[in-house]
2 protein chains.
Amino acid sequence: MATVDTSKKQMIMEAAAKLFRDRGYSATSMRDLAKAVHLQASSLYNHINSKQEILKEICFHNARHFLAGIEQIVQEQQDPAEQLQALILLHLRVATSDATSITSFNDEWRHLDQPELDQFINLRKRYEEHFRNIIDQGIAAGHFRKVDPNIVMYTILSSLRWVYDWYRPERADSIDEIGEEIVALVLNGLQH
Amino acid sequence: MATVDTSKKQMIMEAAAKLFRDRGYSATSMRDLAKAVHLQASSLYNHINSKQEILKEICFHNARHFLAGIEQIVQEQQDPAEQLQALILLHLRVATSDATSITSFNDEWRHLDQPELDQFINLRKRYEEHFRNIIDQGIAAGHFRKVDPNIVMYTILSSLRWVYDWYRPERADSIDEIGEEIVALVLNGLQH
DNA sequence: CCTACCGATCGGTAGG
DNA sequence: CCTACCGATCGGTAGG
């Protein structure tokens, strides 16, 4: 007995991610969420402990995913240009497998309470340091032009972020084609 | 008599933009806003009509600003590469002159009620059509590689969007230097 | 998993 | 510009 419980929690988590993405954390009420999974608001608390807890799980699940991904890339790939390409594909792969949750992760983390807020920001900083290192090494090795690593990093990260809001699986272009275009744009630029 | 009223409303609007940026529209209460301008919540309503109205003014002020800007660029500049460069500088100029309001414009417009929500989305569409036209013409004239105009547009728009969150006037780099780096990155790419 | 309900807070109004 | 207050809604609990 008591085996479907985890899947019910999963359903709640996914409905919450969708609502957080569409309306934001603050504008989503527990009654909205309850309605989405056909429960009374009070019944949600048999599966989750609080609204904050849902946000925490979404944010840290994705943060760990990205951090583990970039650490693997840094270990496996040697060439900075290849690392950068793998990084872009990592973002796109995560985006397509878990698009709703990642938008909450991107936009709603600021509603985390302390101390989780600081913990989250630290995970993000660790990720960004890896990212900057890749660019620094690309410059040092002469593969990249002498650019500001911060500007390049934020330009790439934000262009990938947009894909989550914008990409719809029904579209003709596969996500790989979009990835290749972004990689080409960043590496080779727009001009002939 | 009654002359300082407009400046008091301005103070409220600016405080609201800052709060909307930092906490989001829904998580900002009228009591928060009142405290920021040293009033009682009820006294706000001598200067503004509703919380929605504040959001409306912020969103449409910026939307009109961008639309007018791109229409002027399209008329004045001939070369697509120059138009693109002028467009990037437009975004950065708006960002530095009105950084807080623009973040609300970017992130909080979804909390607009109807029919303003649809009106806003239409303004945005008109802006994006101009943007795509510039890229299309650049490709047709042979100035740009054969890229997906949508991907290029969103990559550029989102990389500029990030600057608002990230740029602090105290920093060493001037906004023009950042702009030049982004223009160079988009036009020439990262690789040697 | 539900009914019934809690104290707190919300956007906004009445009236001066 | 304030005091006093409205009905609605919030996240969450008690108890079964």
Side-chain angles (χ1 to χ4, degrees), chain A residues 1-59 104 108-117, chain B residues 1-59 104 108-117:
Chain A
M1 36 210 70
T3 26
V4 274
D5 241 47
T6 50
S7 89
K8 189 81 188 188
K9 180 172 178 180
Q10 264 310 307
M11 283 178 57
I12 293 172
M13 295 301 295
E14 282 164 27
K18 205 165 290 185
L19 286 165
F20 291 173
R21 177 196 61 185
D22 293 338
R23 311 180 192 179
Y25 177 77
S26 294
T28 299
S29 76
M30 294 307 272
R31 281 148 180 95
D32 293 334
L33 177 56
K35 198 172 288 175
V37 293
H38 305 290
L39 287 178
Q40 297 301 312
S42 59
S43 302
L44 292 171
Y45 293 89
N46 290 302
H47 302 97
I48 54 108
N49 291 314
S50 68
K51 191 184 177 187
Q52 257 296 300
E53 190 202 57
I54 299 175
L55 182 63
K56 263 186 245 177
E57 290 195 16
I58 289 174
C59 290
S104 307
E108 306 302 325
W109 59 267
R110 61 180 167 172
H111 295 111
L112 286 169
D113 293 339
Q114 294 290 13
E116 285 80 13
L117 180 59
Chain B
M1 38 209 67
T3 25
V4 274
D5 241 47
T6 49
S7 88
K8 190 81 188 188
K9 179 171 179 182
Q10 264 310 307
M11 283 179 58
I12 293 172
M13 295 301 294
E14 282 165 27
K18 205 166 290 186
L19 286 165
F20 291 173
R21 177 196 62 185
D22 292 339
R23 311 180 193 178
Y25 177 77
S26 294
T28 299
S29 76
M30 295 306 273
R31 281 148 181 96
D32 293 334
L33 177 56
K35 198 172 288 174
V37 293
H38 305 291
L39 287 179
Q40 297 300 313
S42 58
S43 301
L44 292 171
Y45 293 88
N46 289 302
H47 302 97
I48 53 110
N49 291 315
S50 67
K51 192 184 176 188
Q52 256 297 300
E53 189 201 58
I54 300 175
L55 182 63
K56 263 186 245 176
E57 291 197 14
I58 290 175
C59 290
S104 307
E108 306 302 325
W109 59 268
R110 61 180 166 170
H111 295 112
L112 285 169
D113 293 339
Q114 293 292 12
E116 286 80 12
L117 180 59

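None of the values given here were measured: they were computed from a predicted structure.
The partner of D/dG16, taking Watson-Crick or G-U wobble pairs whose two distances both stay under 3.5 Å, is C/dC1. Nucleotide D/dG7 forms a Watson-Crick or G-U wobble pair with C/dC10, both donor-acceptor distances falling under 3.5 Å.
Here the side chain of B/Glu116 pairs no donor or acceptor atom with the backbone of B/Lys56 at under 3.5 angstrom.
Across A/Met30 and A/Ile48, no two heavy atoms sit closer than the pair CE-CD1, 3.6 Å. In terms of heavy-atom proximity, B/Thr28 sits nearest to B/Leu19 at OG1-O, 3.3 Å. The shortest non-hydrogen separation linking B/Ser104 to B/Ala17 is OG-O, 3.3 Å.
At the heavy-atom level, A/Leu39 lies under 4.0 Å from the strands shown only through sugar-phosphate atoms.
Ring pair B/Tyr25/B/His111 is parallel by interplanar angle, where below 30° counts as parallel and above 60° as perpendicular.
Distance from the side chain of B/Gln40 is smallest to D/dT3 among D/dT3, D/dC1, C/dC1.
Side chains of A/Asn46 and A/Ser43: a donor-acceptor N/O pair is absent below 3.5 angstrom, by distance only.
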Expected rows: protein N/O vs nucleotides 7-14 of chain D N/O, under 3.5 Å:
from: D/dC10; atom 1: OP1; to: A/Ser29; atom 2: OG; distance (Å): 3.4
from: D/dG11; atom 1: OP1; to: A/Thr28; atom 2: O; distance (Å): 3.3
from: D/dG11; atom 1: OP1; to: A/Lys51; atom 2: NZ; distance (Å): 2.9
from: D/dG11; atom 1: OP2; to: A/Met30; atom 2: N; distance (Å): 2.7
from: D/dG11; atom 1: N7; to: A/Arg31; atom 2: NH1; distance (Å): 2.7
from: D/dG11; atom 1: O6; to: A/Arg31; atom 2: NH2; distance (Å): 3.0
from: D/dG12; atom 1: OP2; to: A/Tyr45; atom 2: OH; distance (Å): 3.0
from: D/dG12; atom 1: OP2; to: A/Lys51; atom 2: N; distance (Å): 2.9
from: D/dG12; atom 1: O6; to: A/Arg31; atom 2: NH2; distance (Å): 3.4

